[in-house]
Every structure is written in structure tokens, then in C-alpha cells.
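Structure first, then comments.
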2 protein chains.
Amino acid sequence: MAQDFFCLHSDLCKTLASEKRQRILGALRDEELTVSQIVTATGMTQANTSQHLSILRAKGVVNARRDGSNIRYSIANPKIIQAFDLITEVMQETLDAQRGVVDGIVEPADGRIVTKA
Amino acid sequence: MAQDFFCLHSDLCKTLASEKRQRILGALRDEELTVSQIVTATGMTQANTSQHLSILRAKGVVNARRDGSNIRYSIANPKIIQAFDLITEVMQETLDAQRGVVDGIVEPADGRIVTKA
DNA sequence: TGAATACATTCACATATCTGAATGTCTGCA
DNA sequence: TGCAGACATTCAGATATGTGAATGTATTCA
């Protein structure tokens, strides 16, 4: 694997790993939206929304097309939604596991790594 | 969707969005490894490896079990690998698209958003 | 019990990222 | 051409994150 593979990979991950940008992607999940609509949907300020859209655009995560005085954004690659959903599943399963739900086994809540038989 | 959903979600993403942690996950991809083995595989220092393993452990991304004087790490949920691979695909397709490969259409290289017919 | 190995943690500092405020640019319309 | 609406960008301060150095803890073995 190329030496900078992980760098590119984590770079894309970093782009996705922002609460605000996730909110934007959540809003764009099913439809193309203008910036104003994204602002309304996310409750963020216009300037901050633009900043994050700029980052998403630069990384090729979203597409932008001008439509009159509006600019309409959409998610560039449907696999991003798939990845998003996969992370959601992992998150849910991890939360369950941390609650000790699986097999009814409860691990020590502190960070200790215990010795097992 | 719950208000802190995106927070939890991006939190997990942030955990994955580190070049070093990705290198660790890459090493753990197919096998359980001791810390020493991870250090060798990644070329990172022992202390730094431990720091990142600690973060991965805290977020439930990896499992740790003691085996004698060693501690063996493994990836907690195979879906993390799936997500990893999905991101890889998106990354590859985005790079191709940015090179203007798709449909032979080359977009302006600067950040401009042009008006289309 | 003491030394050695394997690993974890803490601290202080450097670096990156996020944010709001202010301002700039583009488009449509009068 | 001038104004208004829609959106982007820049800047500076705040906050978060990553890093090496030093040190601590647990386990094995003599």
C-alpha cells in the first residue's frame, strides 16, 4: 500500500468527521438543497455553513451548481451515504457492547485490561 | 433524529480520522497483534502507539486482551473494515473525478462555481 | 524479591481546526 | 447602472488534537 494512502484516507475521513458537516450531509442526504435551505435545515449561520460547504466542495464530497442566484448542493457520491450508515451501525453496536448488552457480560467500566482464563 | 446523533457519529469518525490510527487499523486488519508487533508494522514509537491504542480502545474501536506480558489488540467490529474500504472507494472515485476522468469532462481547477446551461 | 520486558499514562508544548465578525463577489432585476 | 439577495472569503482569537519526553504499572522469570 502506498505510503501516503493512509494520509489521503484519513484526510477524507477528517472531512467527514465534523458534527456540522455531518449535519449538512444529513440534510443533503435525500435531496439537492440551496445554501439557504441548508442554513434552515441545520440551524447554522450562513457564513459558517458556507465555510463548511467550501471544505466539502474542496474535498469533492459535495457537488455545487449555480441555479440563478442560488447555488444548489448535492452529495457527490452515494457511497458516502453508505459509509455514513455503516458508521451509524458501528456506533450503535459499539454503544450496545459498551453497555454490556452482548452476552450479558459486563466489563470493568474503567480502562483496565484484565487477565482472562 | 436525536440532537446529539451527529455528535456521536462525528465522534466515532474523528477517532477513525487519524493517519496514525488508520495505520494501526490497517495493521490489525487481518490479524490480532501485540503492541510490539503494531509498533514494528507501523514504524511508530511505542509511546505514541500506546496513546493511539488508548484512544481506539476508549471508543470501542479495538479490543484488547492480555496474554501473558503481552496485550493483543484486534478490531472490535468488522463493519469498521467495511466502512474503511468504502471510504477507500469513495477516495479513489473522487480522485478520478477530480482528474476529470469521468465522461472526459474537465472542470475548472480553481474553486469557481460556473453557471451551466 | 528484584530485574527485565511490555505496555500505559501524564505533562507541556506545538500545531491544527473551528468560529464569529466583517467584508467581498456574483446574479437578477429595476 | 445601481441595488438587493444569495453566497463566499478572510482574519483573528479560541479550542481541540497530536507529539515526544519522562515516568508509572503490570507481568514474567530467575
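Residue numbers start from 1 in every chain, and the chains themselves are labelled A, B, ... in the order their sequence lines are given, proteins ahead of strands.
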**Report entry** Nucleic acid contacts of residues 29-46 of chain A, taken as heavy-atom distances under 4.0 Å to DNA chain D
**Finding:**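 Result for residues 29-46 of chain A: A:T34, A:V35, A:S36, A:Q46, sorted by number.
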Think [X] has a side-chain N or O under 4.0 angstrom from the OP1 or OP2 of [N]?
| X | N | result |
| --- | --- | --- |
| A:R66 | C:dC26 | no |
| A:N48 | C:dG20 | yes |
| A:H52 | C:dT17 | no |
| A:R21 | C:dC18 | yes |
| B:S50 | C:dA8 | yes |

Separation of [X] atom [atom1] from [N] atom [atom2], in whole Å?
| X | N | atom1 | atom2 | value |
| --- | --- | --- | --- | --- |
| B:I55 | D:dA16 | CD1 | P | 15 Å |
| B:R72 | C:dT5 | CZ | C1' | 15 Å |
| A:I71 | C:dT25 | CD1 | C1' | 10 Å |
| B:I24 | D:dT19 | CD1 | C1' | 14 Å |
| A:E19 | D:dA16 | CD | P | 13 Å |

Requested in this report: Can you pull out how bent the helix from C:dT1-D:dA30 to C:dA30-D:dT1 is, comparing the axes over its first five and last five pairs, to 10°?
Outcome: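 Answer for the end axes of this duplex: 20°.
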Requested in this report: Could you list who else is in B:L86's hydrophobic cluster, with ILVMFWY side chains joined at under 4.5 Å, directly or through other members?
Outcome: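 Direct or chained contacts put B:L86 with A:L86.
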My understanding is that only residues two or more places apart in sequence, or in another chain, count here; which of them pass side chain to side chain contact (heavy atoms under 4.5 Å, CB included) with [X]?
| X | result |
| --- | --- |
| B:V61 | B:L12, B:T15, B:L16, B:L25, B:L56, B:K59, B:I80 |
| A:A76 | A:N63 |
| B:T40 | none |

So if I take every side-chain heavy atom of [X] and compare against [options], which nucleotide ends up nearest?
| X | options | result |
| --- | --- | --- |
| A:R57 | D:dA8, D:dT28, D:dA6 | D:dA8 |
| A:N70 | D:dT9, C:dA6, D:dA6 | D:dA6 |
| B:Y73 | C:dT19, D:dT27, C:dA8 | C:dA8 |
| B:L53 | D:dA8, C:dA8, D:dG18 | C:dA8 |

Query raised in the report: Could you give all pairs that pass the ring-ring contact (aromatic ring centres under 6.0 Å, His included) test and reach residues 9-62 of chain B, with sequence neighbours left out?
Result: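 Non-adjacent pairs meeting ring-ring contact (aromatic ring centres under 6.0 Å, His included): A:F84-B:H9, B:F5-B:H9.
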Selection [range] - residue pairs positive for salt bridge (charged side-chain N to carboxylate O under 4.0 Å, His left out), sequence neighbours left out:
| range | answer |
| --- | --- |
| residues 40-52 of chain B | none |
| residues 74-85 of chain A | A:R29-A:D85, A:K79-B:E89, A:K79-B:E93 |
| residues 33-49 of chain A | none |

Query - Residue whose nearest DNA chain D nucleotide is more 5′ - A:A47 or A:S69 - result: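 The residue whose closest nucleotide sits nearer the 5' end is A:S69.
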Requested in this report: For residues A:C13 and B:Q22, determine if any side-chain heavy atom of one lies less than 4.5 Å from a side-chain heavy atom of the other.
Outcome: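 Of all side-chain heavy-atom pairs linking B:Q22 with A:C13, at least one is under 4.5 Å.
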**Report entry** Side chain to side chain, B:I24 and B:L28, heavy atoms closer than 4.5 Å
**Finding:**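 Yes, close enough: below the 4.5 Å cut-off.
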Distances for protein N or O near nucleotides 10-14 of chain D N or O, under 3.5 Å:
from	atom 1	to	atom 2	distance (Å)
D:dT10	O4	A:Q51	NE2	3.0

Requested in this report: Identify the two heavy atoms, one from B:Q37 and one from B:E32, that lie closest to each other, and give their separation to 0.1 Å.
Outcome: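 It is OE1-O, 4.4 Å.
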Query - Residues from residues 10-18 of chain B lying under 4.0 Å of DNA chain C - heavy atoms - result: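 Per residue number, the list is empty: none.
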